[in-house]
Number of protein chains: 2
Amino acid sequence: MRTEQQGKRERTRARIAENALELFERQGFERTTVAQVAAAAGVTEMTVFRHFSSKEQLLFDDPYDPVIAAAVGDQPRAWSPLARAVGGLRQAWAQLPEPEGDTVRRRVRIVAENDSLRAAAWRNNAETERLIVERLVHDGTDPLRARAAAGAVLAALMAALFEWARHDDHTLSEAVTVALDTLDENHG
Amino acid sequence: MRTEQQGKRERTRARIAENALELFERQGFERTTVAQVAAAAGVTEMTVFRHFSSKEQLLFDDPYDPVIAAAVGDQPRAWSPLARAVGGLRQAWAQLPEPEGDTVRRRVRIVAENDSLRAAAWRNNAETERLIVERLVHDGTDPLRARAAAGAVLAALMAALFEWARHDDHTLSEAVTVALDTLDENHG
DNA sequence: CTTCTCATGTTAGCCACTAACATTCTGTCC
DNA sequence: GGACAGAATGTTAGTGGCTAACATGAGAAG
């Protein structure tokens, strides 16, 4: 069966990601070398890069969903671009489950504390942003307004993620809700 | 006089930045090597890095102003965090002159077309964002809301910059106004 | 058992970036 | 004008992220 080889691949990938996370927590992202991650996972540097396109991607496993763009499109076309984007995010978020375990939180925490990684997160969002903009423009929104709305909403989302990772006093959903409400006076 | 040495330093710096911009336009950012930039400027690779902390910084000369944070603080404390941030940006922007020459536009154009550089622009904004957040939190705003508002406003600002660089049909001020209005229904 | 495939290893190299030390150039002070 | 101090640049020798080309080894399939 092909399943066994795929299983092996997935296990290797997971092992690399786990070891990377631990090392990053212990010594910091920048002071950790890809060679160290590889060694800790019992693997070659080359293999790390075959599973993760860059060192940063060791922290950005999570697939960022195009579900969001669709949800934005679902909002009433009479609403302002910002209201549609906020509404879309709220709707998309309601469908996603609260993350299990603490892996996500540990990853986000590391990202939140490093300017370069925060920036890298934006590169990771680029595709989502494009999809939202595309959706809004398709429905007649001015491109500039569409980009502004999409960027603003993603900025709020990232603020929520980072703040949630830093403190233990909110669930992720709560943080996202508060952040989005800040952009949308009707609810805040 | 010390002025002559400083003048020399500035001239070298300017020469490097100019040559870099031309090369980036001709061959693209990633396909241009720092060694090429150095050679074009009649200088060593080492010298390039003494003037610019990284290859990216060759495009981010412009000092991002803490004026913005102060302007945010000037807005009525009764307003919502988002309204204060938007108002602050509007006020700060009104003080700054429309950029002369086409250098700024050419730089932004290159940044706008490259995901990595767009991300790098966020790292460049990190300090501004921190200052805005600090200002809002100091005035009693919840940290999460402060971060969301600051991020949203900067996202809108960047959308304006990128859209302005791409097309010739707006002035920068107009683009910024439209982008900020998108976050602020009172004006949009 | 052989053959094909896919994960992994090996080697060699590019490029951004840094550190340590050497050089040249500028302005100053006598 | 000549010795000196300091700043700008050059040289050399790395480290670390990342890629390309080819080699090996272990499972699946006939």
Side-chain angles (χ1 to χ4, degrees), chain A residues 1-21 23-24 26-61 110-111 114-117 119-121 123-124, chain B residues 1-21 23-24 26-61 110-111 114-117 119-121 123-124:
Chain A
M1 296 189 277
R2 152 165 313 146
T3 37
E4 197 35 45
Q5 289 222 343
Q6 284 187 342
K8 180 180 183 180
R9 188 175 167 79
E10 270 178 36
R11 277 193 302 276
T12 305
R13 180 187 170 89
R15 189 159 25 99
I16 293 171
E18 280 165 29
N19 282 284
L21 182 51
L23 284 171
F24 293 162
R26 279 217 302 274
Q27 351 176 329
F29 178 79
E30 279 157 6
R31 272 161 306 182
T32 301
T33 232
V34 173
Q36 291 178 338
V37 173
V43 110
T44 297
E45 203 176 335
M46 197 57 245
T47 298
V48 173
F49 284 117
R50 273 198 269 256
H51 285 272
F52 300 90
S53 59
S54 75
K55 185 183 174 186
E56 292 161 359
Q57 284 301 315
L58 286 165
L59 291 167
F60 293 109
D61 253 8
I110 290 172
V111 174
N114 180 300
D115 281 353
S116 294
L117 285 173
R123 180 172 34 202
N124 220 241
Chain B
M1 298 187 275
R2 152 165 313 144
T3 38
E4 198 35 43
Q5 290 223 342
Q6 285 186 342
K8 180 180 184 182
R9 188 176 167 79
E10 270 178 36
R11 277 193 302 275
T12 305
R13 181 188 169 89
R15 189 158 26 97
I16 293 171
E18 279 165 28
N19 283 283
L21 182 51
L23 284 170
F24 293 161
R26 279 217 303 273
Q27 350 176 327
F29 179 79
E30 280 159 6
R31 273 160 305 181
T32 301
T33 233
V34 173
Q36 290 177 340
V37 173
V43 111
T44 297
E45 203 174 334
M46 196 56 245
T47 297
V48 173
F49 284 116
R50 272 198 268 255
H51 285 271
F52 300 90
S53 58
S54 74
K55 186 182 173 186
E56 291 161 359
Q57 285 300 317
L58 286 165
L59 291 166
F60 293 110
D61 252 10
I110 290 171
V111 174
N114 180 300
D115 282 353
S116 294
L117 285 173
R123 180 173 34 203
N124 220 242

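In what follows, chains carry the letters A, B, and so on, assigned in the order in which the sequence lines appear, proteins first and then strands, with residues in each chain numbered from 1.
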Novice: How far apart are the closest heavy atoms of A:R31 and A:Q27, and which atoms are they?
Specialist: NE-O, 3.1 Å
Novice: Categorize B:T47 for me: base, sugar-phosphate, or nothing, with a 4.0 angstrom heavy-atom threshold over every strand shown.
Specialist: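 Sugar-phosphate, no base atom in range.
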Novice: A:R9 has an atom CZ; how far is it from atom P of D:dA26, in whole Å?
Specialist: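 Answer to the nearest Å: 19 Å.
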Novice: Are A:R26 and A:L23 close enough that some pair of their side-chain heavy atoms sits under 4.5 Å apart?
Specialist: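 They are in side-chain contact.
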Novice: To the nearest Å, give me how far apart CE (A:M46) and P (D:dA20) are.
Specialist: 9 Å
Novice: Is it the case that the side chain of A:R123 and the backbone of B:S116 share a donor-acceptor pair, with hydrogens and angles ignored and the cut-off at 3.5 Å?
Specialist: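 No; zero donor-acceptor contacts below 3.5 Å.
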Novice: In whole angstroms, how far is the P atom of C:dC6 from the CZ atom of A:R11?
Specialist: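 Rounded to the whole Å, the gap is 17 Å.
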Novice: Quick one: which of B:I16, B:V37, B:N19 gives a side chain to side chain contact (heavy atoms under 4.5 Å, CB included) with B:V43?
Specialist: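 Looking at B:I16, B:V37, B:N19, the match for B:V43 under the side chain to side chain contact (heavy atoms under 4.5 Å, CB included) is B:I16.
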Novice: To the nearest angstrom, how far is B:I16 atom CD1 from C:dC17 atom P?
Specialist: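 Atom CD1 in B:I16 sits about 14 Å away from atom P in C:dC17.
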Novice: Distance-only check: which donor-acceptor pairs under 3.5 Å involve side-chain atoms of residues 45-54 of chain A, not counting sequence neighbours?
Specialist:
residue	atom	partner	partner atom	Å
A:S54	OG	A:E56	N	3.4
A:S54	OG	A:Q57	N	3.3

Novice: Starting at CZ of B:F52 and ending at P of D:dT9, how long is that distance when rounded to a whole Å?
Specialist: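 Result: 11 Å.
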Novice: Under 4.0 Å between a side-chain N or O of B:H51 and OP1 or OP2 of D:dA8?
Specialist: no
Novice: What's touching nucleotides 13-17 of chain D from the protein side, N or O pairs under 3.5 Å?
Specialist:
residue	atom	partner	partner atom	Å
D:dG17	OP1	A:K55	NZ	3.2
D:dG17	OP2	A:T33	OG1	3.4
D:dG17	OP2	A:V34	N	3.2

Novice: CZ of A:R50 versus C1' of D:dC22: gap in Å, rounded?
Specialist: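 Taking CZ of A:R50 and C1' of D:dC22, I get 11 Å after rounding.
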Novice: Are the side chains of A:L58 and A:L21 in contact, using a 4.5 Å heavy-atom criterion?
Specialist: no
Novice: Given atom CD of B:E56 and atom P of C:dA16, what is their separation to the nearest angstrom?
Specialist: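 Going from B:E56 (CD) to C:dA16 (P), I get 11 Å.
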